[in-house]
Amino acid sequence: MSSQPIRIAIVGAGPGGLTLSRLLHVAGVTTTVFERETSSTERPQGGTLDLHTESGQHALARAGLTEGFLRIARYEDQGSRLYNSDGRLLLADDDMTGDRPEVDRTALRDLLLQSLPPDTVRWDRGLSEVTRRDDGRYDLVFDNAREGPFDLVIGADGAWSRVRPLVSLYQPQYSGLTFIEFGIDEVDAKHPALSQLVGRGKMGAESAGRSLIVQRNGNAHLRGYAIFRVPLEWAERRFDVSSPSGMRQALLGEFAGWADALLDLFRTSNDQFALRPIHALPVGHHWTNRPGITLLGDAAHVMSPFGGEGVNAAMLDAAELAGHLVGSPDWREAVPAYEAEMFARVAGPAGEAAEAAATELSHIGQQLTLAQHQAHMQMRAAADRSAVR
Ligand SMILES: Cc1cc2nc3c(=O)[nH]c(=O)nc-3n(C[C@H](O)[C@H](O)[C@H](O)COP(=O)(O)OP(=O)(O)OC[C@H]3O[C@@H](n4cnc5c(N)ncnc54)[C@H](O)[C@@H]3O)c2cc1C
């Protein structure tokens, strides 16, 4: 990086933005992170994520956070089960020797936040606009303040980025899939049958236009998604998240005919429901470099969550961007180099996520999922055999 210090703003304290801030901090570069939420505890950060060795874990290693990560990683929750809608077990993968441990989002965010100097994150800063000054630098306009000038503004502000319009005209498009999120507390103590059903990891079931994914989180919590391919307006009309009992009834109605053992997941859910329409940017989304502005993570390439690449891609973006910024004598050249590599790197996973979203709830949806799991298990068994030889 040039010896002249530059002022860097990161918009968004999600996994991507915080990882970048930490990586630059380790390299002696100061950043300010602007976050819309009013504090780190304003809302629970959501479910569990599996961090891949070559991306999420790699970024944490570069950030010097492997030890902290190992304290919160759940290697024991890497299992996977598939059921038929009649409750029949189609596949159980209870292998825990994999290298994609689960981590709760809140624990990951806390790890990253605690690794940053105090005051790096400016809470309650919901960006509304980025404006260009006459000297070519940028000001950030918030609902309640204005900050600047910054030489480099990095949009890590997720799917509905307010930084993205400076470089791209694209908006994420509705995939046709809506997830209804629900949760079950204290599952081991209070609902042992459901604990067994899900096992150590996640379970899925799909039939007749409905599908269900349930993941074990830390602290004996289950987080589930009931998945529908429907117009968004239909989902909004059908599911009123302000009425938990209405939500349970609606879900039971939509999954009528499924085994009681599976429907118990809805019956025992707590009162926290959420509607999560799945949006994605076009595969291959890219832009022409604009000096002083760039994007990472979902802001650059939000994709459907199938494949579990979103967080991993965001954290790898952060590692790659930090590497370019720190390693290049001129940050103006570092940014386009990062962008060109990122566009090429992300196209593959984004294409796979789009393909998975397209086949979810199709006539071959469950067949494909089953075949993928079986292929994965066979590959692992073959690798184990060759390691023994
Ligand atoms: C239902 C669902 C399940 C998923 N499951 C998985 C999974 O299992 N594995 C996986 O890898 N990925 C999963 N994803 C995708 C994953 O959540 C994202 O890819 C990942 O969080 C992207 O990280 P990010 O830092 O780029 O953005 P985000 O995590 O979206 O963080 C953006 C941050 O910016 C803040 N922000 C937003 N707007 C503004 C603004 N205007 N001003 C200031 N701050 C702002 C937000 O509050 C947030 O803190 C899932 C997504 C969904 C919807």
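Whatever order the structure lists them in is the order used to number ligands and atoms, beginning at 1. If you read the sequence from its start, that first residue is 1, and numbering goes on from there. The figures here come from the full heavy-atom set of this structure, side chains too, leaving out hydrogens, waters and symmetry mates.
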Between I184 and H191, is there a side-chain heavy-atom distance shorter than 4.5 Å? yes
Hey, does K202 have a side-chain heavy atom less than 4.5 Å from the side chain of T48? no
With respect to [X], determine whether any N or O atom, backbone or side chain, lies less than 3.5 Å from an N or O atom of ligand 1.
X: R276; result: no
X: A299; result: no
X: D298; result: yes
X: L296; result: no
X: V311; result: yes

Below a 4.0 angstrom heavy-atom separation, can you tell me which part of [X], side chain or backbone, both or neither, approaches ligand 1?
X: V302; result: neither
X: R109; result: side chain
X: S128; result: neither
X: A13; result: backbone
X: M303; result: neither
X: R122; result: neither
X: W160; result: neither

Please find out if less than 6.0 Å separates the ring center of [X] from that of [Y].
X: F228; Y: F239; answer: yes
X: W287; Y: F343; answer: yes
X: H279; Y: W160; answer: yes

